[in-house]
Structure formats: structure tokens, C-alpha cells
Amino acid sequence: MEEKSRDFIREIIDADLASGKHKEITTRFPPEPNGYLHIGHAKSIYTNFGIAEEFAGKCNLRFDDTNPVKEDVEYVDAIKRDVEWLGFKWSDIHFASDYFDRMYLLAEQLITMGLAYVCDLSPEETKTYRGFASKPGKNSPYRNRTVEENLDLFRAMKKGEFPQGSRTLRAKIDMSSPTMCLRDPHMYRILKKDHHRTGNKWCIYPMYDFAHCLEDSTEQITHSLCTLEFEPNRPLYNWYLEKLDIFRSRQIEFARLNLSYTVVSKRYLRKLVEENFVTGWDDPRMPTLSGLKRRGVSPAAIRNFCSVIGLAKRNSTVDIALLENKIREDLNKTAPRVMSVLNPIKLVIENYPADKTEHFDYVVNPEDESAGVRPTPFTRELYIERDDFMEDPPKKFFRMGPGREVRLRYAYLVTCTSVIKDENDNIMEIRCTYDPDTKGGNAPDGRRVRGTLHWVSADHSFPVEVRLYDRLFNKENPMDNEEGEDFTSSINPDSLTVITNCLVENHMKNENPGFICQFERKGYFCIDPDSTPEKMIFNRTITLRDSWKKKKKHK
RNA sequence: UGGGGCGUCGUCAAAUGGCAAGACACAGGGUUUUGGUCCCUGCAUUUGGAGGUUCGAAUCCUCCCGCCCCAGCCA
């Protein structure tokens with residue numbers, strides 16, 4: 001057995017189980033339904049669901065829908081889809097809004113205990129009274145209302161008798177606490193807004209700090225895993241549970257994911273969508289799960305990525321190359337190979353009969369023997385990649401050039417005899433001859449050929465559109481901008497290149513959107529949902545590693 | 001600044017007083033009908049810094065430095 005090192009959260013759980021504090025654990029993934037899930041959420045999903053699975057516990061999906069101003073059902077549906085797509089199953093599904101009645105009762109309980117009061121201070125006044133980090137705040141003049149008065153006022157708030165923003169319910173803690181969130185935090189605010197699930201039932205809504213710990217406690221979440229920015233809130237989380245004397249969930253914080261060349265913040269992703277820098281939340285350049293999916297990234301690649309980045313408390317930025325590596329690693333094992341010529345030039349085999357068609361065995365996936373072989377048709381007129389030919393090639397160029405012999409993958413060895421140009425000196429066609437003794441691609445005399453080119457038969461291929469994607473941002477940290485500029489100035493203007501009239505083997509006509517394959521020597525591609533029977537569209541998920549390109553750059 | 005956290009390779013990240021793991025990236029080599037995959041090699045005499053304790057310190061102590069979070073009726 002391999003001894004895998006454990007992260008600090010798993011160690012805490014180990015200890016809690018060993019000490020008998022818990023017999024079984026429960027976690028939860030609690031997104032606010034106000035946007036689409038992204039790769040940062042994937043880390044949280046993987047952590048919460050993964051740990052639950054590992055310890056044979058439970059993990060709930062819970063929508064933290066306490067702010068109707070920003071939330072919508074559109075997002076809850078998308079979130080469910082994305083979690084399932086990533087490959088996880090929740091034990092129970094809940095909505096914070098399902099607990100509104102219970103939360104309200106607990107709020108009244110706190111009032112009755114003399115630990116909460118209705119405050120009439122305006123937002124501006126509240127700010128003034130709060131003080132600063134180094135200076136204690138002042139008590140609200142409404143802090144000493146009687147329990148009866150508070151109860152009356154709070155009930156009237158609930159009934160909608162006061163205008164929005166006029167009053168709040170606050171916890172009575174300590175206005176001089178060095179911990180800012182303990183300076184009489186708000187528990188409820190008046191929001192005259194319909195909720196996507198509770199409709200017009202409520203016009204007061206609980207604040208995150210009050211709501212979240214109650215949600216966790218109600219579901220008996222043993223380990224409430226969240227990101228580092230909630231660390232200062234933990235004392236308040238514990239305060240509510242302790243005063244109310246209900247199930248004590250334990251909040252544990254870990255570092256959120258940052259990715260180089262990527263923006264991972266709902267607020268900024270929204271801006272990209274709303275200001276049309278991308279085509280939508282599922283634009284293949286987006287780091288959203290729906291974008292990644294449309295791009296052709298597999299759930300397994302994302303899970304493996306989450307596994308390899310680890311779990312710790314220090315802020316860090318993961319190199320996007322690590323994600324790219326996991327994408328390639330998974331697709332290499334799973335993607336069937338296909339021949340496609342992105343930038344075609346005609347290749348005519350002068351000594352091959354015009355009326356002849358041969359079929360060669362094409363290995364569907366050399367990494368997966370069970371994928372088997374399929375026949376691929378070969379004819380006198382083919383197309384090859386324009387980049388695979390140079391009239392005056394450098395020494396290390398292994399591909400086609402005048403007089404050079406190369407291999408056409410799985411077919412024959414061919415030698416370039418001439419090129420045909422138009423009046424502007426553009427190469428229109430390449431001519432070659434084939435060696436009939438090299439059927440399948442091997443020479444009986446054992447001579448070696450360095451270059452192997454992919455190709456398609458002119459008669460057995462069809463044109464498609466291909467969308468080549470590059471990183472959306474050209475800066476390692478897109479947020480690192482000059483004065484007066486925001487992250488949109490880091491956008492890579494070449495993040496999308498559309499090319500048309502790429503040629504693909506005919507059998508691909510049978511495949512549907514979402515189909516992922518490797519275009520041999522070119523990268524991994526995926527059929528886009530925008531495809532129609534008339535026009536198939538492929539998204540390039542990612543290129544293959546290219547040590548030739550690297551070598552060229554060095555010179 | 002008050003409080004809460006965090007500093008180990010270019011980037012993530014282990015090591016829990018006893019020989020500084022691993023992955024990615026990078027560099028070089030081998031195999032190869034994908035310039036892919038795969039395989040091999042190299043890549044922290046030192047853990048933000050300075051002292052101290054100890055036979056022995058990334059780990060314990062003291063001081064210093066740096067970075068992040070909190071001061072919404074957002075989450």
C-alpha cells in the first residue's frame with residue numbers, strides 16, 4: 001500500500017473519528033445560485049464530496065439562497081447539472097430558503113434571550129457606529145430595547161410594516177471587539193423582493209453569518225469546509241451555535257484556487273459574459289465547468305487536477321500548465337484518433353490509379369488496445385497539412401520537401417516530385433509518387449523515414465469549421481494591471497481563431513456534439529453544440545505537446 | 001494600524017525533533033508509423049531573515065521581515 005500524505009482537513013477528520021467525536025461525517029457543498037460554477041468550485045466540490053466518499057460519510061448539495069436580489073433558478077439548474085457532470089452524487093439536496101421558518105424562530109429565541117435587538121440605524125449611521133479596526137465602535141442607541149419591544153418590532157418587520165432598509169435585526173455581542181464581525185452583526189435585513197423559491201412569503205432575509213451556521217447545524221454537517229476568507233467569521237459562526245445550543249458543526253477553512261492566466265471570480269466572469277467579451281457562461285474559453293465541458297475537457301481531468309493541487313491553507317496560484325497536463329493525460333488515454341487536415345493543400349500521387357480506393361487499418365487509440373482498428377480509405381488525390389511541406393526545408397525538418405520521402409500514416413511512403421504554383425507563386429498542389437512496396441508504411445528494404453504525415457482522401461472527407469482557442473488572458477495574473485485599467489485589458493485578442501474548410505474523415509459525420517477525439521498530430525477536439533448537419537463545428541480543447549515548435553522557438 | 005491567517009524548488013505540495021517526498025514546468029538523452037505517448041537523467045547542501053535550545057531544527061523558543069483576509073443591511 002502506498003502511503004499517501006494527508007492534508008490537514010483529513011487529519012482533523014481522522015482525529016475526530018478516532019476520538020469518537022463523530023461516528024460518521026457529513027459535509028456539504030453550498031453554492032449561492034447567483035452564477036455558474038467554475039474551476040474554483042470544482043476544488044470545493046471535489047474536496048467536500050471526495051472527503052465524504054472517502055470516509056463513507058454524506059455530502060449534501062445546498063443552495064445558499066438567502067439573497068433574492070442576486071439569485072435565480074437558472075443558476076440552480078445549471079449548478080445541479082455541473083455537479084453531476086463532474087461525477088458526484090449528493091446525499092440530500094437542500095435550500096437555505098427551506099429553513100427560513102426555523103431561522104426566524106431561532107432569531108426570536110435570541111431576542112428572547114436578550115441576545116438580539118432591532119436596530120433603526122441607517123446603513124451610513126451603522127458604519128459610523130461600527131468604528132475602525134483600531135478603534136472600538138459605539139453601541140447603537142437601540143441596543144437596549146426590551147425583549148417585548150424587540151419581539152414586536154421584529155414581527156412587524158416580518159409582516160412588512162417597515163420600508164426596506166429602515167431596520168435590521170442585530171446580534172448583541174460586543175461593539176468593541178477587535179474582531180469586526182462580532183460588533184453586533186446584522187442577522188436580518190428588510191428586502192422587499194420576491195424570492196425565486198419562497199415567492200412573496202418573506203420580506204426579511206437572514207444574513208450569511210446567521211444563516212450559514214444554522215443551515216450546517218440543521219443538516220448536522222460535521223465538517224463545514226469553506227475558503228480562507230471566512231476565517232475571521234468563525235467566532236461568529238460558533239457564537240450562534242453556542243448561544244442557541246444546537247448541533248455544533250465545525251468550520252474549517254482552506255485556500256481557494258487561483259489559476260495562472262485565468263480569472264476565477266464570479267463577479268468578473270459575469271462581467272465577461274455581460275459585456276460580451278465571451279459568448280456566454282459556457283464559452284469554451286471560460287473557466288466555468290460548462291465552458292470547460294463545451295471545450296472538451298473531461299470531468300476526470302478536472303478531478304485529477306483537483307487531486308494533484310492538494311489542500312492547504314496558504315494562498316497560492318496554480319500553474320495552468322498543471323490543468324493542461326491533466327487534460328492531455330486523460331484525453332490521451334480515452335480519445336479516439338482521427339485524421340483531419342486543418343489547413344489543406346492537395347497532394348496528388350502521380351503513379352496511383354485514379355479509380356482505385358484502398359482501405360488501411362487505422363489504430364483507433366494506440367493507448368487503448370480495446371478500441372481496435374477501423375478502415376480508412378486511401379485514393380490518388382489527398383490533402384495534407386500545408387505546414388507539412390517546405391520548398392526549402394531546414395535540416396531538422398522531417399516532413400515533406402522537394403525530393404524528400406515521407407510516410408503517409410498507415411498508407412505508403414511517398415516522394416515529392418514537383419509543386420504546382422499559381423501566377424503569384426503560391427503553391428496550389430504538390431505532386432509525388434508512391435512506392436507500392438511500402439504498403440502500410442514500411443519499406444521492405446528496411447530504409448527509415450523520419451516524417452509521418454496525416455492526410456485525408458479528397459473523395460472521403462468533408463469540410464468543417466474549427467475553432468482554435470488560446471488562453472483568454474495573456475497575463476499570468478490578469479488582475480495585475482496598470483492604473484486606471486481593469487482585468488479586461490489583459491484579455492488575449494487572439495483567444496479565438498476560427499478556421500473554415502478544414503477537412504475531416506467522412507465517418508465523423510456520424511458523431512454528435514460533445515464527441516471528443518484527437519486530430520492526429522494536431523490536438524484534442526470536440527464537436528460543438530453549435531454544429532448543424534450542414535456545418536460541423538469542432539472546438540480545439542488543447543494542442544498536443546509540441547517539442548518541434550519549442551525547438552523552432554529556441555533558434 | 002486592531003484582529004484573523006500564511007511563508008519549503010519557477011509553480012503546486014509533503015516532511016508532525018532524526019537523510020528536504022512527489023507532481024507540473026524546464027533541460028538533456030532513448031524508444032517511436034502522431035516532432036504525441038512511453039522510458040531514463042538532471043533540477044532546494046537548505047525551508048522569508050537573524051539569533052537561541054538541542055548530539056541533531058523546515059519542525060521548538062525569541063525578535064524581525066513579507067504576503068493575504070476582515071471594517072456590506074454581499075456570500
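In the text below, chain A, chain B and the rest are named by the order of the sequence lines, each starting its count at 1.
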Can you tell if the side chain of P478(A) reaches within under 4.5 Å of the side chain of T262(A), non-hydrogen atoms only?
-> no
For U47(B) and A15(B), measure between their C1' atoms and round to the nearest Å.
-> 11 Å
How would you label the contact of P366(A) with the nucleic acid (heavy atoms, under 4.0 Å): base, sugar-phosphate, or nothing?
-> base
Does the U16(B) base have a donor-acceptor partner in the side chain of R6(A) within less than 3.5 Å?
-> no
Please check the phosphate of G72(B) (OP1 and OP2 only) for any side-chain N or O of K127(A) closer than 4.0 Å.
-> yes
Ring center gap for F210(A) and H186(A) short of 6.0 angstrom | no
Atom C1', compared across A58(B) and C6(B): separation rounded to whole Å | 15 Å
Can you tell me the distance, in whole Å, between the CZ atom of F305(A) and the P atom of A13(B)?
-> 11 Å
Can you tell which of U34(B), U32(B), G7(B) lies closest to the side chain of R521(A)?
-> U34(B)
To the nearest angstrom, how far is R399(A) atom CZ from G35(B) atom P?
-> 7 Å
For the pair F95(A) and F63(A), name the ring-plane relationship: parallel under 30°, tilted 30 to 60°, perpendicular over 60°.
-> parallel
Which listed nucleotide (G3(B), G10(B), A75(B)) is nearest to the side chain of R189(A)?
-> A75(B)
Tell me which nucleotide among A14(B), U34(B), G3(B) gets nearest to the side chain of D7(A).
-> A14(B)
Heavy-atom nearest nucleotide on RNA chain B taken for F8(A) and for P123(A); more 5' hit belongs to F8(A)
Syn/anti state for G72(B) [syn: chi within 90° of 0] = syn
Cation-pi geometry met for K326(A) and F305(A) (6.0 Å, 45°) | no
Regarding the side chain of A321(A), the nearest nucleotide among C24(B), C74(B), C6(B) is C24(B)
Rounded C1' spacing from C55(B) to C19(B) in Å = 16 Å
What does R256(A) touch in the nucleic acid at a heavy-atom separation under 4.0 angstrom: a base, only the sugar-phosphate, or nothing?
-> nothing
Residue Y208(A), side-chain atoms from C-beta onward, closest of C70(B), U32(B), A75(B) | A75(B)
What does C26(B) pair with, Watson-Crick or G-U, if both distances are under 3.5 Å?
-> G42(B)
Is the distance between the ring centroids of Y524(A) and F538(A) under 6.0 Å?
-> no
How is Q518(A) classified with respect to the nucleic acid when contacts are heavy atoms under 4.0 Å: base, sugar-phosphate, or nothing?
-> base
Take atom C1' in G17(B) and the same atom in G52(B), then report the distance between them in whole Å.
-> 16 Å
Contact class for N233(A) (heavy atom, under 4.0 Å): base, sugar-phosphate, or nothing?
-> base
d(CD, E367(A); C1', U34(B)) in whole Å = 10 Å
Phosphate OP1/OP2 of G36(B): any S547(A) side-chain N/O under 4.0 Å | yes
Find the distance R545(A):CZ to G35(B):C1' and express it as a whole number of Å.
-> 11 Å
How far, in whole Å, is A25(B) from G36(B) if one measures between their P atoms?
-> 13 Å
With respect to the side chain of D546(A), which nucleotide from G72(B), C73(B), G35(B) is positioned closest?
-> G35(B)
Sugar-phosphate only, base, or nothing, as touched by L121(A) at under 4.0 Å among non-hydrogen atoms = base
Would you say a side-chain N or O of S316(A) is under 4.0 Å from OP1 or OP2 of A13(B)?
-> yes
Sugar-phosphate only, base, or nothing, as touched by Y205(A) at under 4.0 Å among non-hydrogen atoms | nothing
Complementary nucleotide of G7(B), counting Watson-Crick and G-U pairs under 3.5 Å | C65(B)
To the nearest angstrom, the CG-P distance between N315(A) and G66(B) comes to 17 Å
Which of the following nucleotides, U34(B), G4(B), C74(B), is nearest to the side chain of E231(A)?
-> G4(B)
Phosphate OP1/OP2 of U32(B) contacted by R448(A) side-chain N/O (<4.0 Å) = yes
What's the CZ-C1' distance between R471(A) and A25(B), to the nearest Å?
-> 11 Å
Taking only the side-chain heavy atoms of L322(A) (C-beta and beyond), determine which of A23(B), A13(B), C6(B) contains the nearest atom.
-> A23(B)
May I ask you to verify if any side-chain N or O of R314(A) is less than 4.0 angstrom from the OP1 or OP2 atom of A14(B)?
-> yes
Hey, which of these two, S134(A) or Q164(A), hits RNA chain B nearer its 5' end, going by closest nucleotide?
-> S134(A)
Does R337(A) get its side chain close enough to the base of U34(B), under 3.5 Å, for a donor-acceptor pair?
-> yes
Taking atom C1' of A71(B) as reference, at what distance in whole Å does atom NE2 of H186(A) sit?
-> 12 Å
Sticking with atom P, work out how far G3(B) lies from C64(B), rounded to a whole angstrom.
-> 14 Å
Which class fits the ring pair F360(A) and Y412(A): parallel under 30°, tilted 30 to 60°, perpendicular over 60°?
-> perpendicular
Counting any heavy atom closer than 4.0 Å, what does F397(A) reach on the DNA or RNA strands: base, sugar-phosphate only, or nothing?
-> base
Of the candidate nucleotides A75(B), U34(B), C6(B), which contains the atom at the shortest distance from the side chain of T66(A)?
-> A75(B)
Closest to the side chain of I309(A), out of C70(B), C12(B), G3(B), is C12(B)
Rounded to whole angstrom, note down the C1' distance from G7(B) over to C74(B).
-> 30 Å
Atom pair distance, as rounded to whole Å: CD1 in I79(A) and C1' in A75(B) = 13 Å
Just checking N442(A): base, sugar-phosphate only, or nothing, at a heavy-atom cut-off of under 4.0 Å?
-> base
Backbone of E215(A) reached by a side-chain donor or acceptor of H94(A) within 3.5 Å | no
Is the shortest distance from a Lys or Arg side-chain nitrogen in R62(A) or D216(A) to a carboxylate oxygen in the other one below 4.0 Å?
-> yes
Does any nucleotide pair with G2(B) by Watson-Crick or G-U wobble geometry, both distances under 3.5 Å, and what is it?
-> C70(B)
Determine the Euclidean distance between corresponding P atoms of U59(B) and G48(B); express it in Å to zero decimal places.
-> 8 Å
How are the rings of Y237(A) and H212(A) set relative to one another: parallel (under 30°), tilted (30 to 60°) or perpendicular (over 60°)?
-> tilted
